Engineer: 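Attaching a single structure in C-alpha cells format; questions to follow.
To find a chain, count down the sequence lines: A is the first, B the second, and so on, and within it residues start at 1. Note that the coordinates shown come from a computational prediction; the quantities given were computed from them, not determined experimentally.
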Number of protein chains: 2
Amino acid sequence: MNKNERFYENQQCDGICPVKKTAEIIDGKWTTQVIRELLSGKKRYSEVQRALDGISPKVLTSRLRMLESKKLLTRTIYATVPPTTEYELTKLGEKLELVIYAMAKFGEELRE
Amino acid sequence: MNKNERFYENQQCDGICPVKKTAEIIDGKWTTQVIRELLSGKKRYSEVQRALDGISPKVLTSRLRMLESKKLLTRTIYATVPPTTEYELTKLGEKLELVIYAMAKFGEELRE
DNA sequence: GTACGTACTTCCTTTAGTATAGTAACATCC
DNA sequence: GGATGTTACTATACTAAAGGAAGTACGTAC
C-alpha cells in the first residue's frame with residue numbers, strides 16, 4: 001500500500017472522484033447484498049429474493065435495473081412458462097468482488 | 001483470493017453479515033468522502049467542510065458523530081477562541097483504508 | 001457596531017425503503 | 001372446469017431517513 005499511500009488525497013478527487021463513483025453504485029441498504037449474491041454465479045430473480053430475506057420486489061427490481069444500466073450485470077429473459085429471468089455479473093461487475101471482499105474483512109473486525 | 005473465494009456465500013451472512021455491517025457504516029452520499037479526508041491525517045471540522053465541496057454542516061456533523069459513536073474516529077475539542085474541534089481516525093477507523101482503496105481502484109475502472 | 005469565523009441546530013423537502021395488492025400466462029389439482 | 005399455484009414483475013400508499021437551505025451562539029478584530 002506504500003506506493004499508493006497518497007491515493008486518497010484531494011487533488012485526485014477533483015471532478016469526479018473514483019471513490020465517489022463507487023460509493024454511488026454501492027449506496028443503499030441492499031445493493032451490496034444483491035452483488036454479493038451474484039458473485040457466486042448467475043441467479044434468477046426469485047433466487048435473489050429468497051436469499052435476501054426482507055427485500056421488497058420494488059427495491060430488488062430497482063437495484064437490478066440500476067446495476068444493469070451501469071453495465072455491471074446482464075439480464076436474460078427466457079420464454080419459459082412462467083417466464084424466468086437470469087441475472088449475471090459482467091466482467092466489470094465481477095471486479096466489485098474486491099470491494100465486497102474488503103468490506104467483508106472490515107466487517108469482521110467489528111465483532112465485539 | 002482463492003482461499004477465500006467462497007467468503008461471500010450465504011451461510012456466512014446469516015445473522016449479521018460482515019458485508020452488511022460495513023455497508024451500514026459507509027452508507028450515504030458523504031460518509032466515504034469524510035473518511036477519505038481523514039485518512040490523510042487529523043483534520044478540523046472546517047477543513048473537512050472546505051475539502052468536501054457542497055456538504056451541508058448538518059450532514060457533516062451527523063456523519064462525524066455517527067463515526068465517533070462507532071469508535072471509528074475521535075473528537076477532540078480545544079478551548080480556543082473560537083473553539084476548534086479535531087477529528088482523527090482510530091486504529092479501527094484506519095482499517096477502512098483498505099475498503100476505500102478497493103473502492104478507488106474500482107472507480108478508476110469506470111472511466112469511459 | 002458590524003463583519004467574520006467556527007461549530008453547530010432547526011426546518012423543510014426529497015429520496016429510499018416497506019407493505020401490500022395486482023397482472024399475465026399457463027399448468028396442475030380437485 | 002373453476003380454483004389455485006408459479007414467476008417476475010408493476011402499482012399504489014405510506015413512513016422513515018437523508019440531505020439542503022438557512023439560522024444560531026459565541027466570541028474576536030477593526
Engineer: Give a yes or no answer on whether the side chain of B:Tyr87 reaches the backbone of B:Glu68 with a donor-acceptor pair at less than 3.5 Å.
Structural biologist: no
Engineer: Grab the OH-C1' distance between A:Tyr45 and D:dA8 for me, whole Å please.
Structural biologist: 6 Å
Engineer: Any side-chain N or O of A:Thr85 under 4.0 Å from OP1/OP2 of D:dT7?
Structural biologist: no
Engineer: Produce a footprint string for nucleotides 20-30 of chain D: one letter per nucleotide, 5' end first; B if the base is under 4.0 Å from any protein heavy atom, S if only the sugar-phosphate is, - if neither.
Structural biologist: BBB----SS--
Engineer: Quick check for you: among D:dG19, D:dT7, C:dA7, whose closest atom lies nearest to any side-chain atom of B:Arg63?
Structural biologist: D:dG19
Engineer: Give one of base, sugar-phosphate or nothing for A:Tyr87, where a contact means two heavy atoms less than 4.0 Å apart.
Structural biologist: sugar-phosphate
Engineer: Flag the pair A:Trp30 / A:Leu60 as yes when at least one side-chain heavy-atom distance between them is below 4.5 Å, and no otherwise.
Structural biologist: no
Engineer: State whether B:Ser46 places a side-chain N or O below 4.0 Å from either non-bridging phosphate oxygen (OP1 or OP2) of C:dA7.
Structural biologist: yes
Engineer: Over how many whole Å does the gap from B:Leu52 atom CG to D:dG19 atom C1' extend?
Structural biologist: 14 Å
Engineer: Got B:Met103 and B:Thr32 here, is their nearest side-chain heavy-atom distance under 4.5 Å?
Structural biologist: yes
Engineer: Is the side chain of B:Ser40 donor-acceptor paired with the backbone N or O of B:Arg36 at a distance under 3.5 Å, no angle test?
Structural biologist: no
Engineer: Quick one: which of C:dT6, C:dG17, D:dG19 gets closest to the side chain of B:Thr84?
Structural biologist: C:dT6
Engineer: According to a strict under-4.0 Å criterion, is A:Arg50 in side-chain N/O contact with OP1 or OP2 of D:dT6?
Structural biologist: no
Engineer: Measure from CE on B:Met66 to C1' on D:dA17 and round the result to the nearest Å.
Structural biologist: 13 Å
Engineer: Quick one: do B:Lys91 and B:Glu94 make a salt bridge, cutoff under 4.0 Å?
Structural biologist: no
Engineer: Atom CD of B:Glu24 and atom P of C:dA16: how far apart are they, to the nearest Å?
Structural biologist: 18 Å
Engineer: In Å and rounded to the nearest 0.5 Å, what is the CG to CD distance from A:Leu110 to B:Glu24?
Structural biologist: 10.0 Å
Engineer: Would you say that B:Lys29 contacts A:Asp27 through its side chain, given a criterion of any heavy-atom pair below 4.5 Å between the two side chains?
Structural biologist: no
Engineer: Which sits closer to the 5' end of DNA chain D, B:Gly28 or A:Arg65, going by the nucleotide each is nearest to?
Structural biologist: A:Arg65
Engineer: Nearest whole angstrom, please: distance from the P of D:dC9 to the CD of A:Gln49.
Structural biologist: 10 Å
Engineer: Taking the side chain of B:Thr61 as heavy atoms from C-beta outward, which of C:dT9, D:dA8, D:dT7 is closest to it?
Structural biologist: C:dT9
Engineer: Rounded to the Å, how far apart are B:Glu47 CD and C:dC8 P?
Structural biologist: 14 Å
Engineer: To the nearest Å, how far apart are B:Leu60 CG and C:dA7 C1'?
Structural biologist: 10 Å
Engineer: Expressed as a whole number of angstroms, how long is the span from B:Glu86:CD to C:dC8:C1'?
Structural biologist: 17 Å
